[in-house]
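What follows is one structure encoded as structure tokens, with my remarks underneath.
Counting starts at 1 for both ligands and their atoms, following the listed order. Residues: numbered from 1 along the sequence shown.
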Amino acid sequence: MILVTGGAGFIGANFVIDWLAQSDEPVLNLDKLTYAGNLDNLRVLEGDARHLFVRGDIGDATLLSRLLTEHRPRAVVNFAAESHVDRSIHGPGAFIETNIVATWRLLDAVRAYLATLDAAERAAFRFLHVSTDEVYGSLEASDAPFAETNPYQPNSPYSASKAASDHLVRAWHHTFGVPVLTTNCSNNYGPLQFPEKLIPLVIHNALAGKPLPIYGDGSNVRDWLYVGDHCAAIRRVLAAGRVGETYNIGGRNEMSNLQVVHTVCDLLDRHAPRAQGGSYREQIVFVTDRPGHDRRYAINADKIAAELGWQPAETFGSGIEKTVRWYLDHADWVANVTSGAYREWTERQYGAGA
Ligand code: NAD
Ligand code: TYD
């Protein structure tokens, strides 16, 4: 069995579903079900005895100790986090609590659990920590993409809290011998992403006839990775990554936000044309920029390619087509996750009527 934390969120749910599609090894899924966690994401696993869901906090030491002792997982894959930069600007507290303090509690619970294992079990155990490329800071257009050796220069409360968690993970390896692996990934997109992140927000607003808000002039660049490729990379690192190492994961798909939004609008024009005619591009509005908005993220994924033979399978073209089609085919999912809490958030962020 493996313990997955945050497995009701966007990437975690995709990971659990992909895992159980490829392996019979059961998953213990621990998730607090914050606004971003949704059991609807795991509906395809209903009745599957290989999936055991527990609602709880990675900061709950008593719960962790009980779960680890009872289920004796051979690995932990830690997705649980507060993950939205804009939310971290409005309220950093939850980011400090979960991404730093609760990650420390999780690491300590794992450390105590390791002491109860025999030497062979301990040698085989892995703690895989899922992190972000945002810990490296921001690139200018002419800079080389982020390598694992880049210094940490986080700029937002979110990325600072993830950087802190990466440092704790590293320290629990060097000081206490916890067998850790860390992955630093670029922007993900795909099915099940909560519609406050750029791509699902644009799809959702476009179909609802609402404005498509682009921060600043839309020239900020991200390196987009299809979530299924990210999940495959994590499985590969878990299986064969070298303990104590970090692996950057990216899609080799650098795009400006405006290019991304244009692509989504063009796909929607093709697959779900506007009733009144014209293009969804007409709904684009340029809004006040995010404070401290990082200019560019780009990943050098040579290490994971050379050491572990991982490459992304999707291009941005193929991945975004799948993604747009998924959202069009799952209007019920979108309706369910766009709850009252979601509406309150979008109103605060984008103003009433957004
Ligand atoms: P998400 O916000 O969609 O999901 C996070 C999940 O963690 C939710 O299900 C939430 O309920 C759960 N959670 C939050 N706090 C918790 C706690 N204290 N205890 C237990 N569960 C808790 O995030 P995501 O986009 O799926 O990201 C998953 C991980 O990947 C995060 O660590 C994030 O930093 C990292 N990451 C995300 C991206 C991206 O583009 N989405 C890119 C790189 C790295
Ligand atoms: P986001 O999906 O929030 O991811 P991150 O900030 O972690 O990269 O945003 C992706 C990019 O899109 C980022 O440059 C901010 C921009 N953006 C907009 O222009 N408008 C929006 O409404 C949102 C949510 C993001």
Output the list of atoms in ligand 2 that are nearer than 4.0 Å to some heavy atom of [X], sorted by atom number.
| X | value |
| --- | --- |
| Glu196 | 24 (C) |
| Glu134 | 5 (P), 7 (O), 8 (O) |
| His84 | 3 (O) |
| Pro213 | 18 (C), 19 (O), 20 (N), 21 (C), 22 (O) |
| Ile214 | 19 (O) |

Nearest non-hydrogen protein atom, atom 14 (C) of ligand 1:
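Closest protein heavy atom to atom 14 (C) of ligand 1: Ala81 O, 3.5 Å.
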
For atom 16 (C) of ligand 1, closest protein heavy-atom neighbour:
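For this ligand atom, the closest protein heavy atom is Lys32 CB, 3.8 Å.
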
Going by heavy-atom distance to [atom], choose the closest among [options].
| atom | options | answer |
| --- | --- | --- |
| atom 12 (O) of ligand 2 | Asn188, Asn257, Asp289, Asp86 | Asn257 |
| atom 30 (O) of ligand 1 | Asn99, Asn14, Val130 | Val130 |
| atom 25 (C) of ligand 2 | Tyr297, Phe194, Tyr189, Tyr215 | Tyr215 |
| atom 33 (C) of ligand 1 | Phe79, Phe10, Tyr158, Tyr297 | Tyr158 |
| atom 4 (O) of ligand 1 | Gly12, Gly9, Cys185, Ser165 | Gly9 |
| atom 10 (C) of ligand 1 | Asn41, Thr98, Thr34 | Thr34 |
| atom 14 (O) of ligand 2 | His293, Arg295, Arg296 | His293 |
| atom 19 (N) of ligand 1 | Ile58, Leu192, Leu30, Ile11 | Ile58 |

Lys303 side, atom NZ; Leu308 side, atom CG - distance, nearest 0.5 Å
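If I round to the nearest 0.5 Å, the distance is 9.0 Å.
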
Look up atom CH2 in Trp224 and atom OH in Tyr189, then write down how far apart they are to the nearest 0.5 Å.
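These two atoms lie 9.5 Å from each other.
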
Are the charged groups of [X] and [Y] less than 4.0 angstrom apart, N to O?
| X | Y | value |
| --- | --- | --- |
| Arg242 | Glu307 | yes |
| Asp302 | Arg252 | yes |
| Arg43 | Asp40 | yes |

Which one holds for Asn187 and ligand 2: side chain close, backbone close, both close, or neither close, with close meaning a heavy atom under 4.0 Å?
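For Asn187, the contact with ligand 2 is made by the side chain alone.
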
Residue-level breakdown please: for Leu201 versus ligand 2, do any non-hydrogen atoms fall below 4.0 Å on the side chain, on the backbone, on both, or on neither?
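The answer is the side chain.
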
Taking Arg296 for its side chain and Asp143 for its backbone only, find out whether a donor-acceptor pair lies under 3.5 Å.
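Yes, Arg296 side chain to Asp143 backbone: donor-acceptor pair under 3.5 Å.
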
Look at the side chain of Asn99 and the backbone N and O of Glu82, then say whether any donor-acceptor pair between them is shorter than 3.5 Å.
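Confirmed, Asn99 side chain pairs with Glu82 backbone.
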
Would you mind running through ligand 1 and noting each atom that sits below 4.0 Å from a heavy atom of Ala80?
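Within the 4.0 Å cut-off of Ala80, ligand 1 contributes 7 (O), 20 (C), 21 (N), 22 (C).
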
Going by the atom numbers of ligand 1, which of them fall below 4.0 Å from some non-hydrogen atom of Ala8?
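Ligand 1 atoms under the 4.0 Å threshold to Ala8: 9 (O).
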
Decide yes or no on side chain to side chain contact (heavy atoms under 4.5 Å, CB included) for Leu63 and Leu30, but give the supporting numbers first.
CA-CA 10 Å; Leu63 173 67; Leu30 174 65; 3.8 Å; yes

Cation-aromatic face contact Arg87/Tyr35, 6.0 Å, 45 degrees:
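Yes, a cation-pi geometry.
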
Sub-3.5 Å N/O-N/O distance, Lys162 and ligand 1
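Between Lys162 and ligand 1 (N or O atoms, distance only) the closest approach is under 3.5 Å.
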
Does ligand 1 have any atom that is closer than 4.0 Å to a heavy atom of Ser186?
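Yes, Ser186 has heavy atoms under 4.0 Å from ligand 1.
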
Does Tyr113 have any ring pair (Phe, Tyr, Trp, His ring centres under 6.0 Å) partners at least two apart in sequence or in another chain, and if so, which?
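Listed in chain order: Phe125.
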
If we ignore angles and hydrogens, is there a donor and acceptor under 3.5 Å between the side chains of Tyr215 and Asn220?
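Tyr215 vs Asn220: no donor-acceptor pair found between side chains.
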
With a 3.5 Å cut-off and no angle check, do the side chains of Trp310 and Asp229 form a donor-acceptor pair?
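Note: Trp310 and Asp229 side chains miss the donor-acceptor criterion.
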
What do the steps show when you test Ser186 against Asp133 for side chain to side chain donor-acceptor pair (under 3.5 Å), and what is the final call?
CA-CA 5 Å; Ser186 59; Asp133 60 354; 4.8 Å; no

Does [X], backbone or side chain, put an N or O under 3.5 Å from an N or O of ligand 2?
| X | result |
| --- | --- |
| Arg290 | yes |
| Lys197 | no |
| Val85 | no |

Do the rings of His51 and Phe53 sit parallel, tilted or perpendicular, given the 30° and 60° boundaries?
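Geometry flag for Phe53 against His51: tilted rings.
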
Please determine which of Tyr327, Trp333, Trp326 meets the ring pair (Phe, Tyr, Trp, His ring centres under 6.0 Å) test together with His330.
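Output: one option passes, namely Trp326.
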
Please state which part of [X] comes within less than 4.0 Å of ligand 1, counting heavy atoms only: side chain, backbone, both or neither.
| X | result |
| --- | --- |
| Asn188 | both |
| Ala13 | neither |
| Phe15 | neither |
| Glu97 | neither |
| Asp133 | neither |
| Ala102 | neither |

Does any non-hydrogen side-chain atom of Trp19 lie less than 4.5 Å from one of Glu25?
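They are in contact (side-chain heavy atoms under 4.5 Å apart), so the answer is yes.
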
Phe194 and His84 aromatic centres sub-6.0 Å
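For Phe194 and His84, the ring centres are not under 6.0 Å apart.
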
